Number of protein chains: 2
Amino acid sequence: MGKTNQLESILESLEQADALAGLQEATEALQNHFNVDHIAYHWVDSAGDQYGCGTYSKDWQDRYIAQNYQRIDPVVIGCYQRFHPVDWKQFDWSSKAARAFQLEAIEYGIGNQGYSVPVRGPNGQFALFTVNHTCDDDAWANFSENHRRELILIAYYLNEKALEFEPERRPEAAQALSPREVDAITLLAIGYNRAQVANTLSISEHTLRVYIESARFKLGALNTTHAVARALSRGLIVV
Amino acid sequence: MGKTNQLESILESLEQADALAGLQEATEALQNHFNVDHIAYHWVDSAGDQYGCGTYSKDWQDRYIAQNYQRIDPVVIGCYQRFHPVDWKQFDWSSKAARAFQLEAIEYGIGNQGYSVPVRGPNGQFALFTVNHTCDDDAWANFSENHRRELILIAYYLNEKALEFEPERRPEAAQALSPREVDAITLLAIGYNRAQVANTLSISEHTLRVYIESARFKLGALNTTHAVARALSRGLIVV
DNA sequence: TCCGGTCTCGCCATTTTTGGGGAGTAGAAA
DNA sequence: TTTCTACTCCCCAAAAATGGCGAGACCGGA
């Protein structure tokens, strides 16, 4: 079977997958198809109950989660700020924590080269699709350039399926905020205190409090800062 | 030139576009390639300074923005909650406002069938890529099924370029926070108060304050809520 | 070796936010 | 029509955050 057809059949089996097991199989098929060290799909979630599938060793996955490495992993941090796929070389590995992390990853069999595609879903959902390998810079640049489109599509399909199979993990459909609530939360997010917000919106501070409290309630937030954080990460407000 | 090659060349010219004008040209080429009524890319922004390109009439674009239609447009609202491309028939057109909007859209030459791909970028960025046409349901279902992958890729590339050409909309590169500062801000973002954060990090509340203050300084934030908002929108923390 | 950045600790006064009550209007949806 | 949501206004007391003062230890780079 030609390379193109092989990829085609992987994509199709992915499109038709009807359970999480199908995603795991797909990553293994992709590892074989691209002939690389590792393929991984990683749903990033602060709560620590993140989902992932791929060819990393179980040991490494466990360690990553136990250590909450997504907080210092330059790949996660770097991808979070970008839209397009990124070569790992472009991340900031200068901090001590990042370098220690990298060394440990290599010990666990992660390749020295990597290419990651960020994917975003509704309500602030965020995931990474990564392919990584051990080779020199030129070979890797060549690989990533040649397979850019395919990798983007694969990332897209993996995330689509992951969202489909994990309804309970899906961030709750954030109840939309009313226009006034959006105004209030937005102004708080840009640093205004309540007096300034009330003044800007030309309402009394008491009225403002009603908005903040109802927004907090709708967002399930414990305090104003939490409400702002949730509204931001769910894309309900833009700063 | 074959259909496949034509699309290929459109994608390539899109990849190599170096200005917003290139996006407009691409939408026109796509309209011709797919032989449909309209192609549109629409960067949705609550602030109202949204960007769009495509083949809709200027009248309709102006009216859409002037009326703030993105607030009632079922396509925008529906896509905002979904990850995958959607046929317009799947949206909720039941409300009075939605039906009035639809009738007006058709008056302005928008086709009765549509297919939209949501795209998301960093910092809550959200855009739509839409292709629409006038035909019957079967023909449209056929079209959207056959071109699903291509449309996803086109949406991706359009958004990538739009982000590239609108740097002022993107968050500025921020000074990195120290690990402890990241811990502190992250915990504040998930709703902990200072006592809880200090306890979780096993440090005194005073030390915690030092971190919060230095993070606030680095981020140029006016208060804790502001600091959390900035750290989030710059991707320095993940919640 | 010295400098800069990070990490750690304490106290007091002031400002800001939050939690507990209650109430009336207008417009849109069922 | 009735019901529901959004929007607006008010008081008081407790809890939390902020501003300003200062101090020592550690580590890595110049």
Side-chain angles (χ1 to χ4, degrees), chain A residues 71-72 92-100 174-229 236, chain B residues 68 71-72 74 77 92-101 174-229 236:
Chain A
R71 282 215 198 147
I72 57 162
D92 173 23
W93 297 93
S94 64
S95 86
K96 203 167 69 177
R99 269 196 306 259
Q175 196 180 349
L177 301 178
S178 79
R180 265 334 215 185
E181 286 160 358
V182 172
D183 292 341
I185 300 294
T186 303
L187 292 172
L188 290 169
I190 60 175
Y192 286 20
N193 63 25
R194 298 206 305 202
Q196 292 172 310
V197 175
N199 193 42
T200 304
L201 297 179
S202 303
I203 55 178
S204 76
E205 210 171 316
H206 309 102
T207 303
L208 173 66
R209 280 187 53 192
V210 176
Y211 295 143
I212 299 173
E213 270 163 35
S214 73
R216 249 201 344 243
F217 177 76
K218 286 178 180 174
L219 295 166
L222 299 168
N223 53 44
T224 301
T225 300
H226 194 196
V228 168
L236 298 175
Chain B
N68 248 309
R71 284 216 186 151
I72 57 161
I77 297 177
D92 173 23
W93 296 94
S94 63
S95 86
K96 205 168 65 176
R99 269 196 305 261
F101 168 77
Q175 193 182 354
L177 301 178
S178 79
R180 259 344 208 181
E181 288 160 356
V182 172
D183 291 342
I185 300 294
T186 303
L187 292 171
L188 290 169
I190 60 175
Y192 286 19
N193 62 27
R194 297 207 303 204
Q196 292 172 311
V197 174
N199 193 42
T200 304
L201 297 179
S202 304
I203 55 177
S204 76
E205 209 171 317
H206 181 84
T207 302
L208 173 65
R209 281 186 53 191
V210 177
Y211 295 143
I212 299 174
E213 270 161 37
S214 74
R216 245 195 356 236
F217 177 75
K218 286 180 181 174
L219 295 166
L222 300 167
N223 53 44
T224 301
T225 300
H226 194 195
V228 168
L236 299 175

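All values below come from the heavy atoms of this structure, side chains included, with hydrogens, waters and symmetry mates left out. Note that this is a predicted model, so its numbers are computed, not measured. Naming convention: chains lettered A, B, ... in sequence-line order (proteins, then strands); numbering from 1 in each chain.
The CG atom of A:Asn199 sits 11.0 Å away from the CG atom of A:Leu187 when rounded to the nearest 0.5 Å. Atom CG of B:Leu201 is separated from atom OH of B:Tyr192 by 10.0 Å, given to the nearest 0.5 angstrom. To the nearest 0.5 Å, atoms CD1 (B:Ile185) and NZ (B:Lys218) are separated by 10.5 Å.
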Atom pairs, protein N/O to nucleotides 26-29 of chain D N/O, distance under 3.5 Å:
none

Check nucleotides 2-6 of chain C against the protein and report each pair of N or O atoms closer than 3.5 Å, with its distance, or say if there are none.
| unit_1 | atom_1 | unit_2 | atom_2 | d |
| --- | --- | --- | --- | --- |
| C:dT6 | OP1 | B:Lys218 | NZ | 3.0 |

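The number of heavy-atom neighbours closer than 6.0 Å to CZ of B:Phe101, taken from other residues, nucleotides and ligands shown, is above 12.
Annotation: side chain of B:Arg180 is not in contact with side chain of B:Thr207 (no heavy-atom distance under 4.5 Å). Between B:Asp183 and B:Tyr211, every side-chain heavy-atom pair lies at or beyond the 4.5 Å cut-off. The shortest side-chain heavy-atom distance between A:Leu219 and A:Leu236 falls under the 4.5 Å cut-off. In this structure, the side chains of A:Leu188 and A:Ile212 come closer than 4.5 Å at one or more pairs of heavy atoms.
Taking only side-chain nitrogens and oxygens, B:Arg216 comes nearer than 4.0 Å to OP1 or OP2 of D:dG19.
A heavy atom closer than 4.0 Å to some atom of DNA chain D occurs in A:Ile203, A:Ser204, A:His206, A:Thr207, these being the qualifying members of residues 200-208 of chain A.
As a whole-Å value, the separation of B:Asn193 CG from D:dA15 P is 13 Å. In this structure, CZ of B:Arg209 is placed 13 Å from P of D:dC21, rounded to the nearest angstrom. One can place NE2 of B:His226 at 14 Å from P of C:dT17, the figure rounded to the nearest angstrom. Between B:Asn223 atom CG and C:dT16 atom C1' there is a gap of 10 Å when expressed in whole angstrom units. Atom CG of A:Leu188 and atom P of C:dT17 are 8 Å apart (whole Å). B:Ile72 has its CD1 atom 16 Å from the C1' atom of C:dA29, to the nearest Å. In this structure, B:Leu187 places its CG atom 17 Å from C1' of D:dA16, rounding to the nearest Å. Note: CD1 (B:Ile212) to P (C:dC7) measures 14 Å, nearest angstrom.
Judged by distance alone, with hydrogens and angles left aside, the side-chain atoms of B:Glu213 form no donor-acceptor pair with the main-chain N or O of B:Val210 at under 3.5 Å.
The two atoms that bring A:Arg216 and A:Ala227 nearest to each other are CG-CB, 3.8 Å, heavy atoms only. A:Val228 and B:Ala229 make their closest contact through CG1-CB, 4.0 Å (heavy atoms, listed as atom of the first residue, atom of the second, distance).
At a threshold of 4.0 angstrom between heavy atoms, the contacts of A:Ser214 with the nucleic acid are absent.
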